[in-house]
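Here is the structure we will look at, set down as C-alpha cells.
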Amino acid sequence: MDLKEMNNQMDLTVTDKASDNIRILAAAMVEKAKSGHPGGAMGGADFVNVLYSEFLNFDPTDKLWINRDRFFLDPGHMSPMLYSILALVGNYSMDDLKNFRQWGSPTPGHPEVDFERGVENTSGPLGQGHTMAVGAAIAERFLAARFGDWMSHKTYAFISDGGIQEEIAQGAGRIAGTLGLSNLIMFYDSNNIQLSTKVEEVTTENTAKKYEAWGWNVITIDGNNASEIRVALLAANNETERPTLIIGETLMGKGAVDAEGASFENMVSTHGQPLGAAGASLDKTVENLGGNPENPFQIFPEVEEYYKEVLKKKQEYAAAKKAEQAEWAKANPELAAKLEKFFSGDAPEIDYAAIVQKSGAATRAASSAVLAELAKNVDNMIVSSADLSNSDKTDGFLKETKAIVKGDFSGAFLQAGVAELTMAAICNGIALHGGVTAACGTFFVFSDYMKPAVRLSALMEVPVKYIWTHDAFRVGEDGPTHQPIEQEAQIRLLEQLKNHSGEMSLLALRPADVDEATVAWKMAMENTKTPTALILSRQNIKDLPAASGNRYEEALAAEKGAYIIEKPESTPDVILLASGSEVSTLVAGAEILKADKGLKVQIVSVPSEGLFRQQSAEYQNEVIPAGIPVLGLTAGLPVTLQGLVGANGKAVGLDHFGYSAPAGVLDEKFGYTAENVVKEVEALLQK
C-alpha cells in the first residue's frame, strides 16, 4: 500500500483522537500517582500511536512471536506513554494504569522488561535503551543471514534529548551506522526541554549532521503531525542501506492547559512532575483533549473500535508470516530444528573435558582455547571486544569465524571499537532479542566503564557473558590506571544482590588455573538465567595439584563455588583460601608450612563466594570448618574475602593503588610470595 492509499483509508480524526487518548491516560496516571513525568509522554503520543497502529508488526495472540518487530524505549521516564499505547492494544487494563508506580503493580515508574505485556527492555538510565535496540537489530541481521529473509523484522527505538546527550549515544550511533543497520529505525523526540533546563542551554550541536556523519539516514519532521510521521516511517521502512533517525520536533506537554484554559505546553516544569504540581490543570487538560475529567481512565469508544481493527490486521499479518515460516520449515527440517534450538534458551552441549589446555598458561589463554571450541560448536553466539581481541584473547573465537560487517552478517564477532559501555548494552540487546548468546571482553579495570550495563544485565536477568582479563596489579608496567584493585569487590556485590526472581543477580568467577578456567566457561554457558563475569589473568599461573591426576575432573568441584584443593589427613591447623592466581601462591606457601613448620594445611579455591553460600551448611563447613584459623589472599581489597575468613581470620590484600613496575617486582613488594604467606600464617596462629 502506498502513502496515498494509506491516507485515503485512514480516518485521521480517529488517529488524532487516539493520540489524545494516550495523552489523557499518561497525564492522569502521573497525577494519580502524585509523581512521574507527563510532559514527554504527551509530546511523544502521536509517534507511538502511528507506529503501533500502522507499522509495528506483532501478534496479539502470541506475545513471544520470534519475528515480531521490537520497540525499545530509551527514556524510561516516559513509561506513561508506553503503558498507555500498550493499554490501547490490550496489554494493560485501566486498573493497571490507575496503579502506576504503586506496590505490586505491573506499571513501575520506569519500565521493566515484560515480553508478555510488550515491554522489550528495562529502561531508565538514559542512552542504554536505544543501544539495546542496536543489539537487537544486530541479532535480527545475524539470524536472517542464517535462516533467510523470511525472518526479517524491524527494530524501533525511541530516544529523548537526554539520551542523545549521553555519551553512550556516540558508540551506538557509530556502530549502527558502520554496520548499515537498515532494520533499525529510531524516533528522536526533540522537544527542547530537559528536566531542569531547555536543551539549547546545554548543547548547540547539529544532531542531524552528527548522525549523517555516522552514516544514518536522517529525516526531520513535525513530530506531532500524524501524516508527517507516517511519511517518515514509510521512508524508513523502505531504506535498505542505513539506519534511520526520525527527528520529530514535538511539544512537551502537548495539549496541557492551566485552570483558565491557557496553553501550558513547552514548559520545563511538566517534565518531571504532575501537571497540577507544575501549575497546569489536569481537569482542564483532559477536557481540552476531549476526555471526561471525572473519569480520565477510559479508552474512547471510537478509539477502542479502531484498535480492534488494528489488532485484527496485526493477527492476519502474523498468521501469514507464520504460514511462510511453516513452508520454510517443511522444506528445511534441519535448519528448522536448529532455529528451535536457538530460541530454546538451553545451554549448548559441549565436551568441555576434551578441550586441551596448555599447562601453566594464563587463564585468559585458557579462555581463548574454550572460545575457539565454542566458535566451532555454538552457531548462535556473538562475541565482542572493545578493540582488545588480541589481548583479552577473545580472538580465540574470532580465529574460528569472522567479523560482522556491513552487508555480511554471516560472521559472529563484533568489533565494537573502544566503547565498553556501548558494547555491554549492545550485548544486553542481543540477549533480549532472543535466539543468540552474547559475550564481550575487555580489561577488568575497564569494567568501570561497563557497570551501568552490567547492572541492567543483572536486573533484567539476561545471560550475557562478561570476559574481563588482566585481573590484577600484575598488569605491571602499565601502572595504577590499568591495575584493578577495587573492581572485584564491586562486581561481587552483585553476587550478594538478589534479582526479582530471588536469585543471585550475577555469577562472578575468578578461576585459579587453566582447567578451572574451562570449568568456569562451562558454568557461564550453562548459566542461562543471569549474567556471568569471568575474571581472568594476564600472567601465566602454575597448575594446581590434582591428587587423582585428572585436574579437570577435580576442577569440576568449582561448580559449587568453592572446593578443597589440598586436604590434610586429619584436622587442619589452618585453612588457606583465595581465588584466581593467588591460589597457586597459597599452594607454594603451604609447601613451606608443611615441610618446615609441620603444619596441617587445607587449601581452598573460591571462584565464587556467592555460589558457595548457596551450598548446604554441611558442605560449607567441610570446605571451611568452623573454629579453625582462616587466611585469605586476594590481589584486590581485603574486604573481597572478609566474609569467608570470618571475624577470627585474616584477609590479606591491597588497600592502595598499584605502581608501575614488572609483575614479579610487584609480587615481591606487595607480599604475594610463598614466604609472605608463611609469615602471615605464623602471625595469625600466634594471635
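The shown structure was predicted, so the numbers you read here are calculated from the model rather than taken from an experiment.
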> Step by step, would you call K198 with E201 a salt bridge (Lys or Arg N to Asp or Glu O under 4.0 Å)?
Replying inline: CA-CA 6 Å; K198 291 203 169 184; E201 297 175 50; over 6 Å; no

>> If you apply the rule side chain to side chain contact (heavy atoms under 4.5 Å, CB included), what do you find for F58 with N91, and how did you get there?
In response: CA-CA 12 Å; F58 58 92; N91 293 0; over 6 Å; no

> Could you go step by step and tell me if T530 and E503 meet the side chain to side chain donor-acceptor pair (under 3.5 Å) rule?
Replying inline: CA-CA 9 Å; T530 65; E503 303 295 333; over 6 Å; no

>> Could you go through W150 and E327, starting from their C-alpha distance and side-chain angles, then the distance that decides it, and tell me whether this counts as side chain to side chain contact (heavy atoms under 4.5 Å, CB included)?
In response: CA-CA 11 Å; W150 66 268; E327 285 297 313; over 6 Å; no

>> Would E324 and K321 count as a salt bridge (Lys or Arg N to Asp or Glu O under 4.0 Å) here? Give the steps.
In response: CA-CA 5 Å; E324 185 182 349; K321 292 296 288 184; 3.6 Å; yes

> What's the verdict on side chain to side chain donor-acceptor pair (under 3.5 Å) for T107 and Y92, showing C-alpha distance, side-chain angles and the deciding distance?
Replying inline: CA-CA 9 Å; T107 48; Y92 288 92; over 6 Å; no

>> side chain to side chain contact (heavy atoms under 4.5 Å, CB included) for K284 and E260? Distances and angles first, verdict last.
In response: CA-CA 8 Å; K284 286 291 185 182; E260 281 70 48; over 6 Å; no

>> Applying side chain to side chain contact (heavy atoms under 4.5 Å, CB included) to I138 and V134, what does each step give before you reach the verdict?
In response: CA-CA 6 Å; I138 289 170; V134 174; 4.1 Å; yes

> Taking it one step at a time, do R23 and D46 satisfy salt bridge (Lys or Arg N to Asp or Glu O under 4.0 Å)?
Replying inline: CA-CA 9 Å; R23 286 186 252 277; D46 298 285; 2.9 Å; yes

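A donor-acceptor distance shorter than 3.5 angstrom exists from the side chain of D74 to the backbone of H130, with no hydrogens or angles considered. Checking side-chain atoms of W216 against main-chain N and O of G173 turns up a donor-acceptor pair under 3.5 Å. Remark: side-chain polar atoms of E265 are paired, donor with acceptor, to backbone N or O of G255 under 3.5 angstrom. Remark: side-chain polar atoms of N192 are paired, donor with acceptor, to backbone N or O of E200 under 3.5 angstrom. Formation of a donor-acceptor pair under 3.5 Å by the Q273 side chain with backbone atoms of S269 is found in this model. In terms of modelled atom types and a separation under 3.5 Å, the side chain of N21 and the main chain of K17 share no donor-acceptor contact. Distance alone, capped at 3.5 Å, is enough to place a donor-acceptor pair between the N238 side chain and the L234 backbone. For E340 (side chain) and K338 (main-chain N/O), no donor-acceptor pair under 3.5 Å exists by modelled atom type. Here the side chain of N99 pairs no donor or acceptor atom with the backbone of Q102 at under 3.5 angstrom. A donor-acceptor pair under 3.5 Å is absent between the side-chain atoms of Q128 and the main chain of A425, judged by distance alone.
No side-chain donor from either of D16 and S19 sits under 3.5 Å from a side-chain acceptor of the other. Between N49 and Y307, the side chains place a donor N or O and an acceptor N or O closer than 3.5 Å (distance only, hydrogens not considered). Under the 3.5 Å distance criterion, with hydrogens and angles disregarded, a donor-acceptor pair is assigned to the side chains of R141 and S152. Residues N499 and K529 bring no donor and acceptor atom of their side chains to less than 3.5 Å of each other. Between S457 and N428, the side chains place a donor N or O and an acceptor N or O closer than 3.5 Å (distance only, hydrogens not considered). Q165 and T203 are not linked by any side-chain donor-acceptor pair at a separation below 3.5 angstrom, with hydrogens and angles left out of the test.
To the nearest 0.5 Å, atom CE of residue M151 and atom CG of residue L143 are 5.0 Å apart. For the atom pair M78 CE and S123 OG, the distance stands at 10.5 Å (nearest 0.5 Å). Distance check, rounded to the nearest 0.5 Å: CG of D20 to CG of L25 gives 11.0 Å. Here CG of L459 is found 5.0 Å from OG1 of T122. Values are rounded to the nearest 0.5 Å. The CG atom of L289 sits 5.0 Å away from the CD1 atom of I24 when rounded to the nearest 0.5 Å. Put simply, CD1 on I246 and CD1 on I221 are 6.0 Å apart, with the number rounded to the nearest 0.5 Å.
The environment of R174 atom CZ is dense: over 12 non-hydrogen atoms of other residues, nucleotides or ligands sit within 6.0 angstrom. With a 6.0 Å radius and a threshold of 12 heavy atoms from other residues, nucleotides or ligands, K63 has its NZ atom above the threshold.
Taking the centre of each ring, F409 and F142 stay at or above the 6.0 Å mark. Close placement of the F342 and F147 rings is indicated, their centers lying within 6.0 Å of each other.
In this structure, the side chains of Q170 and K210 stay at 4.5 Å or more apart for every pair of heavy atoms. A 4.5 Å side-chain heavy-atom check between T207 and S190 finds every atom pair outside the cut-off. Between P531 and V454, every side-chain heavy-atom pair lies at or beyond the 4.5 Å cut-off. Looking only at side-chain heavy atoms (C-beta outward), I247 and V218 come within less than 4.5 Å of each other. Using a 4.5 Å heavy-atom threshold, the side chains of S384 and I426 count as separate.
Qualifying side chain to side chain donor-acceptor pair (under 3.5 Å) partners for Y211, counting only residues two or more places apart in sequence or in other chains: none.
Heavy-atom minimum distance, I185 versus K154: CD1-CD, 4.3 Å. Contact detail for H433 and H153: the closest heavy-atom pair is NE2-NE2, 2.9 Å. When all heavy atoms are compared, the tightest approach of V268 to S196 is CG1-C, 3.9 Å. Nearest heavy-atom pair, P274 versus E31, reported as atom, atom and distance to 0.1 Å: CB-OE1, 3.5 Å. Closest approach of L88 and A18 over heavy atoms only: CD1-O, 4.2 Å. Taking every heavy atom of both residues into account, G223 and I229 meet most closely at O-CD1, 3.3 Å.
In this pair, Y83 and F100 present their aromatic rings perpendicular. The plane angle is above 60°, beyond the 30 to 60° band. Ring orientation note: the planes of H271 and H37 are nearly perpendicular, at an angle over 60° on the 30°/60° scale.
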Less than 3.5 Å apart, which donor and acceptor atoms pair up between the side chains of residues 293-305 and the rest of the protein, not counting sequence neighbours?
{"unit_1": "Q298", "atom_1": "NE2", "unit_2": "N295", "atom_2": "O", "d": "2.9"}
{"unit_1": "E305", "atom_1": "OE2", "unit_2": "K308", "atom_2": "NZ", "d": "3.4"}

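When the options Y52, Y156, F115 are evaluated for a ring-ring contact (aromatic ring centres under 6.0 Å, His included) with F71, the one that passes is Y52. Of the candidates N217, N183, L184, T244 forms a side chain to side chain contact (heavy atoms under 4.5 Å, CB included) with just one, namely N217. The side chain to side chain donor-acceptor pair (under 3.5 Å) with D59 is formed by just one residue from the set R68, K314, Q315, K322; it is K322.
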